[in-house]
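Have a look at the structure below before the remarks.
Each ligand, and each atom within it, is numbered from 1 in the order the structure gives. In this chain, residues are counted from 1 in sequence order.
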Amino acid sequence: MICLTLMEDTIEKNFAVFMENSSFVDIIELRLDMLIDPLLVEPELVRSKFNFPVIITCRLVRDGGKYSGNEYQRRDILYQFSNAGFDYIDLEMGIVYPEVEEAAHSHNTRIIRSYHNFEGIPDNFEEIFRELASVVGEIPKVAVFLEGSCQVYKFFKIIEKIHDIEEKIVLGMGDFGIPTRVLYKKLGSFLSYCSVPGRSGAPGQLTPDKMKNMYRSDCINNSTLIYGIAGNPVMHSGSPNFHNTGYKRSSLNAVYIPFLVDDINYFFKLAGVLPLCGFSVTVPFKVDILGFLDRKSPEVVRTDSCNTVLRNGGMWEGYNTDLEGFLSPLAAIENLKDRLHRAAVIGAGGAARSVIAALKSLGLEISIFNRSEERGRILAEETACSFFPLEKFDLLSGYDLIVQTTSVGMIPDVEKTPVQGYRFHKDQLAYDIIYTPLKTKFLREAESSGAEIIGGMDMLISQGALQFEIFTNREYPQEEQKESS
Ligand code: ATR
């Protein structure tokens, strides 16, 4: 079940959020601790207003909540609500409220017995869980903050050990814990919490729409193929939306999840445990990943950079779809061979490496323009290109193709360009690999001078579609194909 945590300060506001999101979720959690004055709320009125399964929670500050009144009042609030016939009531481990429990039992309200730890996974995690689970009729819940890839791996391993406890709620908080929220069914958790933007019930909660429509987390079962993207940062990535949309359109039982990674060793261990069928690799792991591959495609060997990993017969195979993804929008240019002879690459980082390898395959003469002379010269020497310091950008007028590979101009700095003051001419082709915004200042200036432009979204889609093919052995389903079929 997908559970929407309601965090507003009045019942009316909570009801409005519920109405907007009810189609995405199966149950709601009403956080009484967030209300302005929970003592003044009439439980029976709330019960009749929300004609839906409800969990009642009044979370203490020590457990990540806002409740700051005294213990007696909290017990009173929970007692009143226990008498109103809600479906579930969440009581923290160690809280002894016999009258609340009795009232809950007499109204068939199930007790969720919860344990929260914001410091990470305690050494006696399994013991705590077994203790919670020992009370007949109660549902044990454990929420721990996951600090890094090592803890994510450890979490999945421990949950394997408590497989025998059938009814439970388990989750890892924080961005590292996001896979535990999406894969809640795989962990044997009977629900996963989510919340609306700006009203997070706990760190790492996704939105109801994403849980239901993007990750289809309530449909995940033992046959679901798991893919993902490993990076840091990774939450901004457009790849989960792209791949999950593809799986949905192709009716594939597969899911693609963002994995925030701080230790590639543990990420690989986790990939083995889940197991992952394949994953995308983004900044800063495209080079670090090479040491873990059993096989490398010719493009990976050529660029020393890998953005796609497939598990094939127990082997990890590395591919580089950035190269072809970069070339694909260029292939659509008319008279490419006659038009392009000289290419300028702005930047000398990791992205520039893949771009240069791709341009070499077109047989172009390439020059690197970079801010730092040392870095630019080293790459130029390695790749047999010429080098110019970026301040000599006037020289760009002698090139047919100018590729922008730095992060200058990316959201939020949309009024920046690395070649401030340069005037493009109409025979030039300007290519920016940034995709947020869709049209950077670099491209806007090129376009206003009559030059042809290519934005980074084209490259993102091409490299993603190639990845999709590697992962699934199918072509990426474009919307138009679906509509015409
Ligand atoms: P990536 O892997 O995305 O290419 P990177 O390896 O950090 O990232 O490389 C960033 C590139 O953008 C470098 O060429 C960098 O220039 P320096 O070598 O001088 O650092 C370039 N870059 C970043 N910020 C820049 C700026 N404000 N102006 C010009 N170039 C910039």
Under 3.5 Å donor-acceptor pairs involving side-chain atoms of residues 224-233, not counting sequence neighbours:
{"from": "T224", "atom 1": "OG1", "to": "N221", "atom 2": "N", "distance (Å)": "2.8"}
{"from": "T224", "atom 1": "OG1", "to": "N221", "atom 2": "O", "distance (Å)": "3.1"}
{"from": "T224", "atom 1": "OG1", "to": "N221", "atom 2": "OD1", "distance (Å)": "3.2"}
{"from": "T224", "atom 1": "OG1", "to": "N253", "atom 2": "OD1", "distance (Å)": "2.8"}
{"from": "Y227", "atom 1": "OH", "to": "F471", "atom 2": "O", "distance (Å)": "3.1"}
{"from": "N232", "atom 1": "ND2", "to": "V261", "atom 2": "O", "distance (Å)": "3.0"}

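- Residue pairs meeting the side-chain hydrogen bond (donor to acceptor under 3.5 Å, both in side chains) criterion with at least one partner in residues 347-361, sequence neighbours excluded, are R353-E382.
- At a 4.0 Å heavy-atom cut-off, the residues surrounding ligand 1 are G347, A348, G349, G350, A351, N370, R371, S372, R375, L390, T406, V408, listed by chain and number.
- Taking the six-membered ring for Trp, Y153 and F267 have ring centres at least 6.0 Å apart.
- Listed by first and then second residue, the salt bridge (charged side-chain N to carboxylate O under 4.0 Å, His left out) pairs involving residues 268-296 are K286-D322, R295-E317 (not counting sequence neighbours).
- In this model, no donor atom of one side chain and acceptor atom of the other lie less than 3.5 Å apart for N307 and T282.
- Judged by distance alone, the side chain of K416 and the main-chain N or O of S407 form no donor-acceptor pair under 3.5 Å.
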